[in-house]
2 protein chains.
Amino acid sequence: MVCVMAPARGPDARRSGSNPPPTELRERLLDATRDLLAHRRFDSISVADIIAAAGVSRASFYFYFPGKQAVLAELVRRAVDQGQQAAEPWTSGQQDPSRALRSGIEAGATLWKDNAGVLTAIVESWGSDEQLRELWLRQMETFTDATVARIQADPEVMRRLDGLDVRAVAASLTWLGERLYYLAAANVPPFTDRDILVDTLMHAWTHTLYGESPGSTTA
Amino acid sequence: MVCVMAPARGPDARRSGSNPPPTELRERLLDATRDLLAHRRFDSISVADIIAAAGVSRASFYFYFPGKQAVLAELVRRAVDQGQQAAEPWTSGQQDPSRALRSGIEAGATLWKDNAGVLTAIVESWGSDEQLRELWLRQMETFTDATVARIQADPEVMRRLDGLDVRAVAASLTWLGERLYYLAAANVPPFTDRDILVDTLMHAWTHTLYGESPGSTTA
DNA sequence: CGGCGACCATACATGCTGTCTGGTCGCATC
DNA sequence: GATGCGACCAGACAGCATGTATGGTCGCCG
(Lines give C-alpha, C1' and ligand atoms only; values in the text may rest on other atoms or scores of the structure.)
Protein backbone atom coordinates (compact mmCIF):
# COMPACT_ATOMS: atom_id res chain seq x y z
CA MET A 1 0.00 0.00 0.00
CA VAL A 2 1.41 3.34 -0.99
CA CYS A 3 -1.13 5.93 0.04
CA VAL A 4 -0.52 5.68 3.73
CA MET A 5 -1.44 9.23 4.76
CA ALA A 6 1.08 9.77 7.52
CA PRO A 7 0.35 8.42 10.98
CA ALA A 8 -1.07 11.53 12.59
CA ARG A 9 0.27 14.84 11.33
CA GLY A 10 -1.85 17.06 9.12
CA PRO A 11 -0.80 17.90 5.60
CA ASP A 12 2.79 17.92 6.54
CA ALA A 13 4.97 20.82 7.54
CA ARG A 14 7.30 21.19 4.58
CA ARG A 15 5.22 22.85 1.94
CA SER A 16 6.26 26.11 0.46
CA GLY A 17 3.78 27.87 -1.75
CA SER A 18 1.83 26.29 -4.53
CA ASN A 19 -1.39 25.22 -2.92
CA PRO A 20 -3.42 28.32 -2.03
CA PRO A 21 -3.08 28.68 1.75
CA PRO A 22 -1.28 26.24 4.03
CA THR A 23 -4.18 23.86 4.54
CA GLU A 24 -7.07 24.87 2.41
CA LEU A 25 -9.26 21.84 2.96
CA ARG A 26 -9.06 22.24 6.67
CA GLU A 27 -10.25 25.81 6.42
CA ARG A 28 -13.03 24.80 4.07
CA LEU A 29 -14.23 22.24 6.59
CA LEU A 30 -14.18 24.80 9.36
CA ASP A 31 -16.05 27.36 7.29
CA ALA A 32 -18.63 24.85 6.18
CA THR A 33 -19.27 23.72 9.73
CA ARG A 34 -19.56 27.30 10.88
CA ASP A 35 -22.08 28.03 8.16
CA LEU A 36 -24.12 24.96 8.94
CA LEU A 37 -24.17 25.90 12.62
CA ALA A 38 -25.78 29.19 11.73
CA HIS A 39 -28.97 27.40 10.78
CA ARG A 40 -28.92 23.97 12.38
CA ARG A 41 -28.03 22.57 15.74
CA PHE A 42 -24.73 20.79 16.17
CA ASP A 43 -26.03 17.33 16.94
CA SER A 44 -28.26 17.33 13.88
CA ILE A 45 -25.27 17.93 11.63
CA SER A 46 -23.51 14.81 10.41
CA VAL A 47 -20.04 14.42 9.03
CA ALA A 48 -21.73 13.73 5.71
CA ASP A 49 -23.38 17.15 5.84
CA ILE A 50 -20.11 18.89 6.57
CA ILE A 51 -18.11 17.27 3.81
CA ALA A 52 -20.93 17.83 1.34
CA ALA A 53 -21.02 21.53 2.22
CA ALA A 54 -17.25 21.80 2.09
CA GLY A 55 -16.82 19.73 -1.04
CA VAL A 56 -14.28 17.52 0.66
CA SER A 57 -14.03 13.78 0.83
CA ARG A 58 -14.82 11.77 3.89
CA ALA A 59 -11.28 10.48 4.08
CA SER A 60 -9.90 13.99 4.10
CA PHE A 61 -12.23 15.02 6.86
CA TYR A 62 -10.94 12.31 9.15
CA PHE A 63 -7.42 13.18 8.07
CA TYR A 64 -7.72 16.70 9.40
CA PHE A 65 -10.02 16.10 12.35
CA PRO A 66 -10.69 13.11 14.58
CA GLY A 67 -14.38 13.95 14.50
CA LYS A 68 -17.09 16.61 14.51
CA GLN A 69 -16.23 17.70 18.02
CA ALA A 70 -12.71 18.64 17.05
CA VAL A 71 -14.02 20.95 14.37
CA LEU A 72 -16.31 22.60 16.88
CA ALA A 73 -13.49 22.91 19.38
CA GLU A 74 -11.35 24.73 16.84
CA LEU A 75 -14.19 27.10 15.95
CA VAL A 76 -14.80 27.84 19.61
CA ARG A 77 -11.14 28.56 20.22
CA ARG A 78 -11.11 31.06 17.41
CA ALA A 79 -14.32 32.76 18.48
CA VAL A 80 -13.20 32.98 22.05
CA ASP A 81 -9.74 34.33 21.24
CA GLN A 82 -11.46 37.10 19.41
CA GLY A 83 -13.71 37.73 22.38
CA GLN A 84 -10.89 37.57 24.88
CA GLN A 85 -9.49 40.88 23.75
CA ALA A 86 -12.94 42.44 23.64
CA ALA A 87 -13.28 41.78 27.35
CA GLU A 88 -9.91 43.39 27.96
CA PRO A 89 -11.29 46.50 29.71
CA TRP A 90 -12.67 44.32 32.49
CA THR A 91 -9.87 41.78 32.68
CA SER A 92 -7.07 44.34 32.62
CA GLY A 93 -8.31 45.96 35.82
CA GLN A 94 -7.93 49.48 34.52
CA GLN A 95 -10.87 51.90 34.40
CA ASP A 96 -13.53 52.24 37.02
CA PRO A 97 -15.41 48.99 37.66
CA SER A 98 -18.78 50.12 36.45
CA ARG A 99 -17.58 51.34 33.11
CA ALA A 100 -15.27 48.37 32.59
CA LEU A 101 -18.05 46.00 33.52
CA ARG A 102 -20.46 47.49 31.03
CA SER A 103 -17.84 47.25 28.27
CA GLY A 104 -17.22 43.64 29.12
CA ILE A 105 -20.90 42.76 29.12
CA GLU A 106 -21.49 44.57 25.86
CA ALA A 107 -18.49 42.81 24.37
CA GLY A 108 -19.95 39.50 25.44
CA ALA A 109 -23.26 40.29 23.81
CA THR A 110 -21.54 41.20 20.58
CA LEU A 111 -19.37 38.12 20.67
CA TRP A 112 -22.42 35.92 21.13
CA LYS A 113 -24.31 37.73 18.43
CA ASP A 114 -21.51 37.18 15.94
CA ASN A 115 -20.85 33.60 16.92
CA ALA A 116 -24.25 32.42 18.04
CA GLY A 117 -24.13 29.11 16.23
CA VAL A 118 -20.73 28.05 17.42
CA LEU A 119 -21.19 29.15 21.01
CA THR A 120 -24.66 27.68 21.27
CA ALA A 121 -23.23 24.44 20.00
CA ILE A 122 -20.53 24.16 22.59
CA VAL A 123 -22.81 25.13 25.44
CA GLU A 124 -25.11 22.32 24.43
CA SER A 125 -22.34 19.82 23.88
CA TRP A 126 -19.65 20.30 26.48
CA GLY A 127 -21.41 17.96 28.83
CA SER A 128 -21.07 15.05 26.47
CA ASP A 129 -17.53 15.31 25.13
CA GLU A 130 -14.38 15.34 27.19
CA GLN A 131 -12.45 17.61 24.86
CA LEU A 132 -15.24 20.17 24.64
CA ARG A 133 -15.83 19.95 28.35
CA GLU A 134 -12.29 20.79 29.19
CA LEU A 135 -12.20 23.60 26.67
CA TRP A 136 -15.33 25.28 27.95
CA LEU A 137 -14.56 24.85 31.62
CA ARG A 138 -11.12 26.32 31.06
CA GLN A 139 -12.72 29.23 29.30
CA MET A 140 -15.08 29.88 32.17
CA GLU A 141 -12.19 29.61 34.56
CA THR A 142 -10.27 32.23 32.68
CA PHE A 143 -13.10 34.69 33.08
CA THR A 144 -13.58 33.68 36.68
CA ASP A 145 -9.90 34.28 37.38
CA ALA A 146 -10.10 37.77 36.01
CA THR A 147 -13.06 38.58 38.19
CA VAL A 148 -11.43 37.07 41.25
CA ALA A 149 -8.44 39.30 40.65
CA ARG A 150 -10.62 42.39 40.40
CA ILE A 151 -12.45 41.49 43.57
CA GLN A 152 -9.29 40.90 45.51
CA ALA A 153 -7.83 44.16 44.32
CA ASP A 154 -10.69 46.03 45.94
CA PRO A 155 -10.68 45.86 49.75
CA GLU A 156 -14.13 47.39 49.89
CA VAL A 157 -15.61 44.55 47.86
CA MET A 158 -13.67 42.01 49.89
CA ARG A 159 -15.17 43.46 53.02
CA ARG A 160 -18.72 43.19 51.73
CA LEU A 161 -18.14 39.62 50.58
CA ASP A 162 -16.89 38.69 54.02
CA GLY A 163 -17.28 35.01 54.74
CA LEU A 164 -18.16 34.15 51.19
CA ASP A 165 -16.02 32.08 48.85
CA VAL A 166 -14.73 34.73 46.49
CA ARG A 167 -14.07 32.27 43.71
CA ALA A 168 -17.62 30.93 43.96
CA VAL A 169 -19.10 34.40 43.68
CA ALA A 170 -16.95 35.19 40.65
CA ALA A 171 -17.77 31.86 39.05
CA SER A 172 -21.49 32.28 39.62
CA LEU A 173 -21.45 35.63 37.83
CA THR A 174 -19.44 34.14 34.98
CA TRP A 175 -21.90 31.30 34.58
CA LEU A 176 -24.84 33.66 34.85
CA GLY A 177 -23.46 35.43 31.80
CA GLU A 178 -22.95 32.18 29.95
CA ARG A 179 -26.53 31.19 30.63
CA LEU A 180 -28.18 34.49 29.69
CA TYR A 181 -26.20 34.90 26.50
CA TYR A 182 -27.08 31.33 25.60
CA LEU A 183 -30.77 31.87 26.28
CA ALA A 184 -30.70 34.97 24.12
CA ALA A 185 -29.10 33.00 21.30
CA ALA A 186 -31.67 30.26 21.79
CA ASN A 187 -34.50 32.76 21.47
CA VAL A 188 -35.80 32.38 24.97
CA PRO A 189 -37.61 35.54 26.04
CA PRO A 190 -37.12 38.00 27.58
CA PHE A 191 -33.41 37.80 26.86
CA THR A 192 -33.80 38.07 23.13
CA ASP A 193 -33.86 41.82 23.68
CA ARG A 194 -30.26 42.91 23.87
CA ASP A 195 -30.87 45.92 26.05
CA ILE A 196 -32.81 43.91 28.58
CA LEU A 197 -30.09 41.30 28.59
CA VAL A 198 -27.31 43.80 29.18
CA ASP A 199 -29.19 45.78 31.82
CA THR A 200 -30.17 42.68 33.74
CA LEU A 201 -26.67 41.27 33.69
CA MET A 202 -25.26 44.62 34.68
CA HIS A 203 -27.66 44.85 37.59
CA ALA A 204 -26.83 41.38 38.86
CA TRP A 205 -23.09 41.96 38.67
CA THR A 206 -23.04 45.38 40.23
CA HIS A 207 -25.39 44.51 43.06
CA THR A 208 -23.70 41.22 43.80
CA LEU A 209 -20.24 42.76 43.90
CA TYR A 210 -20.66 46.41 44.70
CA GLY A 211 -24.07 46.64 46.34
CA GLU A 212 -24.65 47.18 50.01
CA SER A 213 -26.07 44.32 52.01
CA PRO A 214 -29.84 44.18 52.14
CA GLY A 215 -30.91 46.39 54.98
CA SER A 216 -34.64 46.79 55.14
CA THR A 217 -36.87 44.12 53.74
CA THR A 218 -40.47 45.11 53.45
CA ALA A 219 -43.31 42.66 52.92
CA MET B 1 -52.49 -10.33 12.36
CA VAL B 2 -53.86 -10.64 15.83
CA CYS B 3 -51.38 -8.93 18.07
CA VAL B 4 -52.18 -5.44 16.94
CA MET B 5 -51.38 -3.61 20.17
CA ALA B 6 -53.98 -0.85 20.08
CA PRO B 7 -53.33 2.28 18.03
CA ALA B 8 -51.96 4.55 20.69
CA ARG B 9 -53.31 4.02 24.19
CA GLY B 10 -51.25 2.30 26.81
CA PRO B 11 -52.31 -0.96 28.37
CA ASP B 12 -55.91 -0.12 28.07
CA ALA B 13 -58.16 1.66 30.53
CA ARG B 14 -60.58 -1.07 31.56
CA ARG B 15 -58.56 -3.25 33.84
CA SER B 16 -59.73 -3.99 37.30
CA GLY B 17 -57.27 -5.70 39.55
CA SER B 18 -55.38 -8.82 38.73
CA ASN B 19 -52.10 -7.64 37.30
CA PRO B 20 -49.93 -6.24 40.10
CA PRO B 21 -50.16 -2.44 39.72
CA PRO B 22 -51.87 -0.68 36.84
CA THR B 23 -48.90 -0.70 34.45
CA GLU B 24 -46.04 -2.53 35.95
CA LEU B 25 -43.80 -2.62 32.90
CA ARG B 26 -44.04 1.09 32.48
CA GLU B 27 -42.87 1.62 36.03
CA ARG B 28 -40.07 -0.86 35.57
CA LEU B 29 -38.87 1.08 32.55
CA LEU B 30 -38.98 4.34 34.46
CA ASP B 31 -37.13 2.88 37.42
CA ALA B 32 -34.50 1.29 35.24
CA THR B 33 -33.87 4.53 33.39
CA ARG B 34 -33.64 6.42 36.64
CA ASP B 35 -31.10 3.93 37.96
CA LEU B 36 -29.02 4.07 34.82
CA LEU B 37 -29.01 7.86 34.95
CA ALA B 38 -27.45 7.70 38.38
CA HIS B 39 -24.22 6.42 36.85
CA ARG B 40 -24.23 7.25 33.16
CA ARG B 41 -25.13 10.24 31.07
CA PHE B 42 -28.41 10.25 29.22
CA ASP B 43 -27.09 10.28 25.68
CA SER B 44 -24.84 7.32 26.34
CA ILE B 45 -27.80 5.22 27.39
CA SER B 46 -29.49 3.33 24.57
CA VAL B 47 -32.96 1.86 24.45
CA ALA B 48 -31.23 -1.51 24.51
CA ASP B 49 -29.63 -0.61 27.83
CA ILE B 50 -32.93 0.43 29.34
CA ILE B 51 -34.86 -2.64 28.33
CA ALA B 52 -32.03 -4.89 29.44
CA ALA B 53 -32.00 -3.24 32.86
CA ALA B 54 -35.78 -3.35 33.12
CA GLY B 55 -36.14 -6.86 31.77
CA VAL B 56 -38.66 -5.71 29.23
CA SER B 57 -38.87 -6.34 25.53
CA ARG B 58 -38.08 -3.78 22.91
CA ALA B 59 -41.60 -3.93 21.56
CA SER B 60 -43.04 -3.18 24.98
CA PHE B 61 -40.75 -0.22 25.41
CA TYR B 62 -42.03 1.40 22.25
CA PHE B 63 -45.53 0.51 23.30
CA TYR B 64 -45.30 2.56 26.47
CA PHE B 65 -43.04 5.34 25.27
CA PRO B 66 -42.35 6.91 21.89
CA GLY B 67 -38.66 7.04 22.77
CA LYS B 68 -36.00 7.65 25.39
CA GLN B 69 -36.92 11.30 25.71
CA ALA B 70 -40.45 10.51 26.79
CA VAL B 71 -39.12 8.40 29.64
CA LEU B 72 -36.88 11.22 30.74
CA ALA B 73 -39.73 13.70 30.49
CA GLU B 74 -41.85 11.60 32.79
CA LEU B 75 -39.04 11.26 35.31
CA VAL B 76 -38.47 14.99 35.27
CA ARG B 77 -42.15 15.70 35.81
CA ARG B 78 -42.18 13.48 38.86
CA ALA B 79 -39.01 14.92 40.31
CA VAL B 80 -40.16 18.45 39.77
CA ASP B 81 -43.62 17.92 41.23
CA GLN B 82 -41.92 16.73 44.35
CA GLY B 83 -39.70 19.79 44.35
CA GLN B 84 -42.54 22.17 43.67
CA GLN B 85 -43.95 21.74 47.11
CA ALA B 86 -40.54 21.97 48.69
CA ALA B 87 -40.22 25.48 47.28
CA GLU B 88 -43.59 26.39 48.71
CA PRO B 89 -42.26 28.75 51.39
CA TRP B 90 -40.87 31.02 48.69
CA THR B 91 -43.64 30.68 46.14
CA SER B 92 -46.46 31.12 48.62
CA GLY B 93 -45.28 34.58 49.56
CA GLN B 94 -45.68 34.05 53.27
CA GLN B 95 -42.75 34.46 55.69
CA ASP B 96 -40.12 37.11 55.47
CA PRO B 97 -38.21 37.08 52.19
CA SER B 98 -34.83 36.17 53.56
CA ARG B 99 -36.03 33.14 55.45
CA ALA B 100 -38.30 32.01 52.64
CA LEU B 101 -35.51 32.43 50.14
CA ARG B 102 -33.10 30.35 52.13
CA SER B 103 -35.69 27.56 52.46
CA GLY B 104 -36.28 27.63 48.76
CA ILE B 105 -32.61 27.49 47.92
CA GLU B 106 -32.01 24.68 50.38
CA ALA B 107 -34.97 22.83 48.95
CA GLY B 108 -33.49 23.20 45.48
CA ALA B 109 -30.17 21.80 46.64
CA THR B 110 -31.89 18.82 48.19
CA LEU B 111 -34.02 18.23 45.13
CA TRP B 112 -30.95 18.25 42.94
CA LYS B 113 -29.05 16.01 45.29
CA ASP B 114 -31.83 13.44 45.25
CA ASN B 115 -32.46 13.65 41.53
CA ALA B 116 -29.06 14.53 40.18
CA GLY B 117 -29.13 12.05 37.32
CA VAL B 118 -32.53 12.97 36.00
CA LEU B 119 -32.10 16.71 36.33
CA THR B 120 -28.61 16.68 34.87
CA ALA B 121 -30.00 14.74 31.94
CA ILE B 122 -32.73 17.18 31.10
CA VAL B 123 -30.48 20.20 31.48
CA GLU B 124 -28.14 18.66 28.95
CA SER B 125 -30.88 17.56 26.60
CA TRP B 126 -33.60 20.18 26.53
CA GLY B 127 -31.84 21.99 23.73
CA SER B 128 -32.13 19.06 21.39
CA ASP B 129 -35.66 17.79 21.91
CA GLU B 130 -38.83 19.77 21.46
CA GLN B 131 -40.76 17.95 24.17
CA LEU B 132 -37.99 18.30 26.73
CA ARG B 133 -37.42 21.89 25.74
CA GLU B 134 -41.00 22.85 26.35
CA LEU B 135 -41.08 20.97 29.63
CA TRP B 136 -37.99 22.61 31.03
CA LEU B 137 -38.78 26.10 29.83
CA ARG B 138 -42.23 25.83 31.37
CA GLN B 139 -40.65 24.74 34.60
CA MET B 140 -38.30 27.70 34.64
CA GLU B 141 -41.24 29.96 33.85
CA THR B 142 -43.15 28.64 36.81
CA PHE B 143 -40.35 29.57 39.15
CA THR B 144 -39.89 32.90 37.41
CA ASP B 145 -43.59 33.68 37.81
CA ALA B 146 -43.42 33.06 41.53
CA THR B 147 -40.49 35.39 41.89
CA VAL B 148 -42.12 38.06 39.75
CA ALA B 149 -45.12 37.90 42.04
CA ARG B 150 -42.97 38.33 45.12
CA ILE B 151 -41.15 41.27 43.59
CA GLN B 152 -44.32 43.00 42.57
CA ALA B 153 -45.79 42.49 46.01
CA ASP B 154 -42.98 44.50 47.52
CA PRO B 155 -43.02 48.20 46.58
CA GLU B 156 -39.59 48.69 48.04
CA VAL B 157 -38.06 46.12 45.72
CA MET B 158 -39.99 47.54 42.79
CA ARG B 159 -38.54 50.93 43.56
CA ARG B 160 -34.97 49.65 43.58
CA LEU B 161 -35.51 47.78 40.33
CA ASP B 162 -36.77 50.93 38.71
CA GLY B 163 -36.35 50.86 34.95
CA LEU B 164 -35.44 47.22 34.85
CA ASP B 165 -37.53 44.47 33.29
CA VAL B 166 -38.82 42.71 36.37
CA ARG B 167 -39.44 39.48 34.55
CA ALA B 168 -35.88 39.46 33.21
CA VAL B 169 -34.44 39.94 36.69
CA ALA B 170 -36.57 37.13 38.07
CA ALA B 171 -35.70 34.87 35.15
CA SER B 172 -31.99 35.55 35.48
CA LEU B 173 -32.05 34.50 39.12
CA THR B 174 -34.02 31.39 38.25
CA TRP B 175 -31.53 30.42 35.58
CA LEU B 176 -28.62 31.20 37.85
CA GLY B 177 -30.00 28.59 40.20
CA GLU B 178 -30.45 26.10 37.41
CA ARG B 179 -26.87 26.58 36.35
CA LEU B 180 -25.24 26.38 39.77
CA TYR B 181 -27.20 23.31 40.82
CA TYR B 182 -26.27 21.70 37.54
CA LEU B 183 -22.60 22.52 37.96
CA ALA B 184 -22.69 21.06 41.43
CA ALA B 185 -24.24 17.87 40.09
CA ALA B 186 -21.65 17.81 37.32
CA ASN B 187 -18.84 18.03 39.87
CA VAL B 188 -17.57 21.40 38.77
CA PRO B 189 -15.81 23.12 41.64
CA PRO B 190 -16.32 25.11 43.72
CA PHE B 191 -20.02 24.35 43.65
CA THR B 192 -19.64 20.76 44.70
CA ASP B 193 -19.60 22.10 48.25
CA ARG B 194 -23.21 22.46 49.25
CA ASP B 195 -22.66 25.25 51.75
CA ILE B 196 -20.71 27.31 49.27
CA LEU B 197 -23.40 26.75 46.68
CA VAL B 198 -26.21 27.81 48.98
CA ASP B 199 -24.38 30.83 50.36
CA THR B 200 -23.37 32.07 46.94
CA LEU B 201 -26.85 31.69 45.55
CA MET B 202 -28.31 33.36 48.60
CA HIS B 203 -25.93 36.28 48.25
CA ALA B 204 -26.74 36.77 44.58
CA TRP B 205 -30.49 36.67 45.16
CA THR B 206 -30.59 38.92 48.16
CA HIS B 207 -28.24 41.52 46.75
CA THR B 208 -29.90 41.54 43.36
CA LEU B 209 -33.38 41.92 44.81
CA TYR B 210 -33.01 43.47 48.22
CA GLY B 211 -29.62 45.15 48.13
CA GLU B 212 -29.06 48.88 47.87
CA SER B 213 -27.60 50.21 44.67
CA PRO B 214 -23.84 50.34 44.53
CA GLY B 215 -22.78 53.57 46.09
CA SER B 216 -19.04 53.84 46.50
CA THR B 217 -16.76 51.94 44.22
CA THR B 218 -13.18 51.95 45.27
CA ALA B 219 -10.30 50.96 43.01
C1' DC C 1 10.85 10.45 -14.92
C1' DG C 2 9.96 8.38 -10.71
C1' DG C 3 8.12 8.82 -6.36
C1' DC C 4 5.63 10.86 -2.77
C1' DG C 5 2.09 13.62 -0.75
C1' DA C 6 -2.56 15.39 -1.07
C1' DC C 7 -6.72 14.05 -2.34
C1' DC C 8 -10.92 11.21 -3.91
C1' DA C 9 -14.64 7.41 -4.26
C1' DT C 10 -16.19 3.60 -2.23
C1' DA C 11 -16.99 0.03 0.84
C1' DC C 12 -17.16 -1.89 5.32
C1' DA C 13 -18.02 -3.07 10.41
C1' DT C 14 -20.44 -1.39 14.08
C1' DG C 15 -24.06 0.51 16.79
C1' DC C 16 -28.38 2.76 17.47
C1' DT C 17 -33.27 3.81 16.25
C1' DG C 18 -37.96 2.84 15.27
C1' DT C 19 -41.03 -0.48 13.02
C1' DC C 20 -42.78 -4.87 11.89
C1' DT C 21 -43.79 -10.02 12.12
C1' DG C 22 -45.15 -13.75 14.37
C1' DG C 23 -45.69 -16.27 18.33
C1' DT C 24 -46.54 -17.48 23.64
C1' DC C 25 -49.13 -17.21 27.85
C1' DG C 26 -52.93 -16.37 31.00
C1' DC C 27 -57.30 -15.13 32.10
C1' DA C 28 -62.16 -14.36 31.48
C1' DT C 29 -66.12 -15.54 29.25
C1' DC C 30 -69.46 -18.56 27.01
C1' DG D 1 -62.89 -26.63 28.69
C1' DA D 2 -62.41 -24.43 24.27
C1' DT D 3 -61.89 -19.89 22.42
C1' DG D 4 -60.61 -15.27 22.07
C1' DC D 5 -58.24 -11.29 23.30
C1' DG D 6 -54.89 -8.51 25.61
C1' DA D 7 -50.24 -8.22 27.42
C1' DC D 8 -46.07 -9.56 26.43
C1' DC D 9 -41.73 -11.51 24.06
C1' DA D 10 -37.95 -12.72 20.55
C1' DG D 11 -36.08 -11.52 16.59
C1' DA D 12 -35.60 -9.39 12.14
C1' DC D 13 -35.42 -5.33 9.46
C1' DA D 14 -34.41 -0.68 7.10
C1' DG D 15 -32.32 3.61 7.74
C1' DC D 16 -28.73 6.35 9.19
C1' DA D 17 -24.40 7.80 11.45
C1' DT D 18 -19.68 6.87 12.76
C1' DG D 19 -14.87 5.72 12.12
C1' DT D 20 -11.66 2.85 9.42
C1' DA D 21 -9.71 0.69 5.58
C1' DT D 22 -8.71 -0.10 0.40
C1' DG D 23 -7.15 1.33 -3.70
C1' DG D 24 -6.57 4.68 -7.11
C1' DT D 25 -5.77 9.56 -9.43
C1' DC D 26 -3.18 13.77 -9.98
C1' DG D 27 0.52 17.09 -9.74
C1' DC D 28 4.74 18.69 -8.21
C1' DC D 29 9.65 18.24 -6.78
C1' DG D 30 13.93 16.34 -6.92
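Letters go in sequence order (proteins before strands), and every chain restarts at 1.
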Protein proximity profile, nucleotides 12-18 of chain C - base contact B, sugar-phosphate-only contact S, no contact -, cut-off 4.0 Å on heavy atoms: ----SBB
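As a whole-Å value, the separation of B:Arg26 CZ from D:dC8 C1' is 17 Å. Atom pair B:Leu29:CG and D:dC8:C1' shows a separation of 12 Å (rounding to whole Å applied). Between the CD atom of A:Glu27 and the P atom of C:dC7 there is a distance of 12 Å, rounded to whole Å. The distance between atom CZ of A:Phe63 and atom C1' of C:dC8, rounded to the nearest whole Å, is 13 Å. Across the protein-nucleic acid pair, B:Leu25 atom CG and D:dA7 atom P stand 11 Å apart, rounded to whole Å. The nearest whole Å value for the distance from the CD1 atom in B:Ile51 to the P atom in C:dT19 is 14 Å. Note: CG (A:Asp43) to C1' (D:dT18) measures 15 Å, nearest angstrom.
For the pair B:Thr33/B:Leu72, no side-chain contact is recorded, criterion being any heavy-atom separation below 4.5 Å from C-beta on. Using a 4.5 Å heavy-atom cutoff, the side chains of A:Val56 and A:Tyr64 are not in contact.
Not counting sequence neighbours, the partners of B:Ala53 by the side chain to side chain contact (heavy atoms under 4.5 Å, CB included) test are B:Ala32, B:Leu36. Applying the salt bridge (Lys or Arg N to Asp or Glu O under 4.0 Å) criterion to A:Arg28, with sequence neighbours excluded, gives A:Glu24.
In this structure, CG on A:Leu197 lies 9.0 Å from CG on A:Leu183, to the nearest 0.5 angstrom.
Of the candidates C:dA6, D:dC8, C:dC8, C:dC8 carries the atom nearest the A:Ser57 side chain, counting heavy atoms from C-beta on.
Ring-plane geometry between A:Trp126 and A:Trp175 is classed as tilted, the angle between the planes lying from 30 to 60 degrees on a 0 to 90 degree scale.
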